[in-house]
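In this text, all values refer to a predicted model and were calculated from it rather than measured experimentally. Positions are given from 1 along the sequence.
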Amino acid sequence: MRLDKFLKVSRLVKRRTLAKEVCDQGRVEVNGRPAKAGTVLVMGDEVAIRFGNQSLRVRVESLKETTRKSEAGELYTVLERVSDGGAGHTGS
């Protein structure tokens, strides 16, 4: 599945066009490397996203073409969430 589609389907980013813009700005990495919107994800990949003064690192757990809002969180596991203060914590 394309990275921009995963970001939208998982609801990490609200719209696919916004996901593409975030990728084009170099704010998304897959397995530690800068990624483009068309980067193909597989289960187990780690995706890091920078949102303003926060960053989020998740592991891809499932790849579905569509999902309900209530199920979107099942597509990934949060590995790390860091805010501007620099103090991070690990997710579930």
Original post:
Do the side chains of V13 and F51 get nearer than 4.5 Å, heavy atoms only?
Top reply: yes
Original post:
Which pair of non-hydrogen atoms, one from A72 and one from S10, has the smallest distance, and what is that distance?
Top reply: CB-O, 3.5 Å
Subject >> Least distance between heavy atoms, E61 atom then M43 atom >> reply: O-SD, 3.2 Å
Original post:
At their closest point, which heavy atom of C23 faces which heavy atom of L3, and how far apart are they?
Top reply: SG-CD2, 3.7 Å
**OP:** Could you pull out the closest heavy-atom pair between D4 and R16, with the gap in Å?
**Re:** OD2-NE, 3.3 Å
**OP:** Keeping the roles fixed (side chain from R27, backbone from R50), state whether a donor-acceptor pair exists under 3.5 Å.
**Re:** yes
Original post:
Which atom names give the shortest non-hydrogen contact between L79 and R59, and what distance separates them?
Top reply: CD2-NH1, 3.6 Å
Subject >> Heavy-atom side-chain proximity of L75 to L63 below 4.5 angstrom >> reply: no
**OP:** Kindly indicate whether the side chain of R11, heavy atoms from C-beta on, has any atom under 4.5 Å from the side chain of K69.
**Re:** yes
**OP:** With rounding to the nearest 0.5 Å, note down the distance linking CD in Q25 to NZ in K20.
**Re:** 10.5 Å
**OP:** Run the numbers on S83 and Q54 for side-chain hydrogen bond (donor to acceptor under 3.5 Å, both in side chains), then give the verdict.
**Re:** CA-CA 4 Å; S83 64; Q54 297 182 355; 5.8 Å; no
Original post:
Between T39 (side chain) and A35 (backbone), is there a donor-acceptor pair under 3.5 Å?
Top reply: no
Subject >> pair Y76-V60: side-chain heavy atoms closer than 4.5 Å >> reply: no
**OP:** Kindly compute the distance separating CG (N31) from CG (L41), expressed to the nearest 0.5 Å.
**Re:** 8.5 Å
Original post:
With side chains defined as the heavy atoms from C-beta onward, is the minimum distance between T77 and V58 less than 4.5 Å?
Top reply: no
**OP:** Please examine the side chains of I49 and L7, heavy atoms only from C-beta on, and report whether any two atoms are closer than 4.5 Å.
**Re:** yes
Original post:
Less than 4.5 Å apart, any side-chain heavy atom of R81 and any of R57?
Top reply: no
**OP:** Please check if L18 and V9 belong to a single hydrophobic cluster, counting links between Ile, Leu, Val, Met, Phe, Trp and Tyr side chain heavy atoms closer than 4.5 Å.
**Re:** yes
Original post:
Where is the tightest heavy-atom contact between V42 and D45, given as atom of each residue plus distance?
Top reply: N-OD2, 3.0 Å
Subject >> Note, E29 side chain near E46 side chain (heavy atom, < 4.5 Å) >> reply: no
